[in-house]
2 protein chains.
Amino acid sequence: MNILPTPQQLRYLLALADHGHFGRAAAACAVTQSTLSAGIIALERQLDAALLERSQAKRPIFTPLGLEVLARARVALASLAAVTETVAAARDPLTGPLRLGVIPTIGPFLLPRLMPALRHAFPRLKLWLREDQTEHLVAALESGRLDVLLLALPCACGQAASLPVATDPFLAALPEGHRLAALDSVPVAALAAEPLLLLEDGHCLREHALDACGLPKSMGTVGEGFAATSLHTLVQMVAGGLGVTLLPRLAVAGGVLAGSGVVVRPLRPASGSAPPGRTLALAWRDRSPRAPEFRSLAPAIAAAIGGG
Amino acid sequence: MNILPTPQQLRYLLALADHGHFGRAAAACAVTQSTLSAGIIALERQLDAALLERSQAKRPIFTPLGLEVLARARVALASLAAVTETVAAARDPLTGPLRLGVIPTIGPFLLPRLMPALRHAFPRLKLWLREDQTEHLVAALESGRLDVLLLALPCACGQAASLPVATDPFLAALPEGHRLAALDSVPVAALAAEPLLLLEDGHCLREHALDACGLPKSMGTVGEGFAATSLHTLVQMVAGGLGVTLLPRLAVAGGVLAGSGVVVRPLRPASGSAPPGRTLALAWRDRSPRAPEFRSLAPAIAAAIGGG
DNA sequence: CTGTTTCCATCGAAGGTTTCGATGAACATC
DNA sequence: GATGTTCATCGAAACCTTCGATGGAAACAG
């Protein structure tokens, strides 16, 4: 019962899965091919199970059981690393590498302000960035490829712990001279009656905007081919008179309008409703040893947003 | 960055935490005291952190950081063991030790039938039993002291995965000669108007019964001191004329009435409501490597309940 | 068909790590 | 202050991992 695989063996297995080649996997582990080969054979013997189908010619193929073991091995090595991380994080909070994922409707507008602030506040933090849509970020977070996310709630962020850092109200974005632009604030209902342009599917802002307007999720954009791929292109489409849209205040403060001629107006919510907007939040694996660090990142980010 | 603790070191640490004594911990690990001592010192040196306060006289004390490391170490060793378990479970489903937790309102009535059935269906399964209230079982499940639970839904079973195995309707239990006993079936409302006896707090059946009667959770029993500690004592109290109660059909089939003179009648739900009852379910850690095994346990249990 | 190349498994030897038993030092108890 | 308990330290022995070399199988080219 109590013969555990050695971490070495699991590392060899992971490397083999990543490289699909004994020789290259061995090189990646900085051992010789014979060592890696023997290590994996020993693992298979200990477990008394075939994890691989080998062949001289083709890349080795993992058996179904091998794939399961592989997944467990990743978890096991990660939780072993978590022991070390716990100590490192306790001794030296907010230093070392930190992999931050951020959604495209936040990143370009906040990072130019946030990064210098973080560099100043935590000079020993090495921040790696990845910009992607919520769904991909959450997957990367859960599989350990990212440490923290900066995204917009509400979202399906699974088992992650999250902490709101700011609210980000939506503004009505209108072409110059649009009749609604004459108003001080635009009622939500009036905006919803206009041709509404949106980001393409997969951007959480699309759903948040539809929700803010009280429209169903399935609603398409005007002309299916014209869903925008970024807020910048969306603004250009509004400037071109194709329709109107909602923009997060953060993006406007971040300069998304950039001389496009598009004007923004505050939204007036339907009476009794909350002002339409989204909540920016930090998220992390709730079992991460660095959770306390991440929590203490929130004020710095809130300051960067507020100070815009 | 990439120097991980060895599983050995973590085992030594766990043993020390369990025994509070280097010598005894070493014995438990089947190594000498010097080996264990050196192992833990090496771990502290590698992590570059004090995990223990040592003293010749008193048992060693874990530092706060030491306690955190300890918790991580347990997780790490468990996930290492999960690799092995994955293989063992795939090769030999439903063999070996299985630690089953069961709530007191199921156990005494189902196990006498269930155990022989399981022994017959899975002769190589070594079933360890623990009877306790839902809350304690769930805690034991999550900390790895139990593998599977047999409990009643709805309940707060946290992150556990669960699978319903049977519905267990409630029956009205009345003293012999009670006027409601003259009816073929007792309306819920009529029962709720009687003095209602319940199990003491902590038993999920208490809340399920109150819920079935449409009564608030805070409702006390008739005479605070008289909350019953088991279904058997509850039946005796009903027999003694102190009031009426609800019994799960499973318990009645399991012989809880046992010549007490108490009679049971089906409950007639308020029109439009579902028949009052509870759902019996299996639950397990959703990441357990043995999850497929546990799932395949459900039919056997359902059969044991149905065949009552 | 044959020589060449690529790939993975096997083997003995070298090197490193872990473990043991003995010993030493600190502390409490009597 | 004598004694017993507890944990750290040390050198030697056992153990395990790794290496480089070698072998055999499969694809490929000529």
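Convention: sequence-line order gives letters A, B, ...; per-chain numbering from 1. Hydrogens, waters and symmetry mates play no part in the numbers below; they use all other heavy atoms, side chains included.
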Enumerate, atom names and distances included, each donor-acceptor pair closer than 3.5 Å involving a side-chain atom of residues 29-41 of chain B, sequence neighbours excluded.
unit_1 : atom_1 : unit_2 : atom_2 : d
B/T32  : OG1    : B/S34  : OG     : 3.2
B/T32  : OG1    : B/T35  : N      : 3.4
B/T32  : OG1    : B/T35  : OG1    : 3.0

List in chain and number order the residues that pass side chain to side chain donor-acceptor pair (under 3.5 Å) with A/R145, two or more places apart in sequence or in another chain; answer none if no residue qualifies. A/S143
Below 3.5 Å, can you tabulate the donor-acceptor pairs from side chains in residues 292-302 of chain A to any protein atom, sequence neighbours excluded?
unit_1 : atom_1 : unit_2 : atom_2 : d
A/E293 : OE1    : A/L94  : N      : 2.4
A/E293 : OE2    : A/R290 : NE     : 2.9
A/S296 : OG     : A/E293 : O      : 2.7

Salt bridge (Lys or Arg N to Asp or Glu O under 4.0 Å) filter on A/D286, not counting sequence neighbours, yields none
Check residues 66-79 of chain A and write down every donor-acceptor pair under 3.5 Å in which the side-chain atom is one partner and the other belongs to a residue at least two apart or another chain.
unit_1 : atom_1 : unit_2 : atom_2 : d
A/R72  : NE     : B/T86  : OG1    : 3.2
A/R72  : NH1    : B/R287 : O      : 2.7
A/R72  : NH2    : B/R287 : O      : 3.3
A/S79  : OG     : A/V75  : O      : 2.9
A/S79  : OG     : A/A76  : O      : 3.1
A/S79  : OG     : B/S79  : OG     : 2.5

Is it true that A/D147 and A/R285 have a side-chain N and a carboxylate O under 4.0 angstrom from each other? yes
Considering only heavy side-chain atoms of A/Y12, the closest of C/dT10, C/dC8, D/dT18 is D/dT18
Results of side chain to side chain donor-acceptor pair (under 3.5 Å) for A/D92 - residues two or more places apart only: A/R124
For B/D132, all residues meeting side chain to side chain donor-acceptor pair (under 3.5 Å), sequence neighbours excluded: B/R130, B/H136
Identify, residue by residue, the members of residues 21-38 of chain B with a heavy atom below 4.0 Å from DNA chain D, and return them in order of residue number, or none. B/H21, B/F22, B/G23, B/Q33, B/S34, B/S37
Is any side-chain N or O of B/Q9 closer than 4.0 Å to OP1 or OP2 of C/dT18? no
Please tabulate, one pair per line, each protein N/O and nucleotide N/O from nucleotides 25-29 of chain C that are separated by under 3.5 Å, including the distance.
none

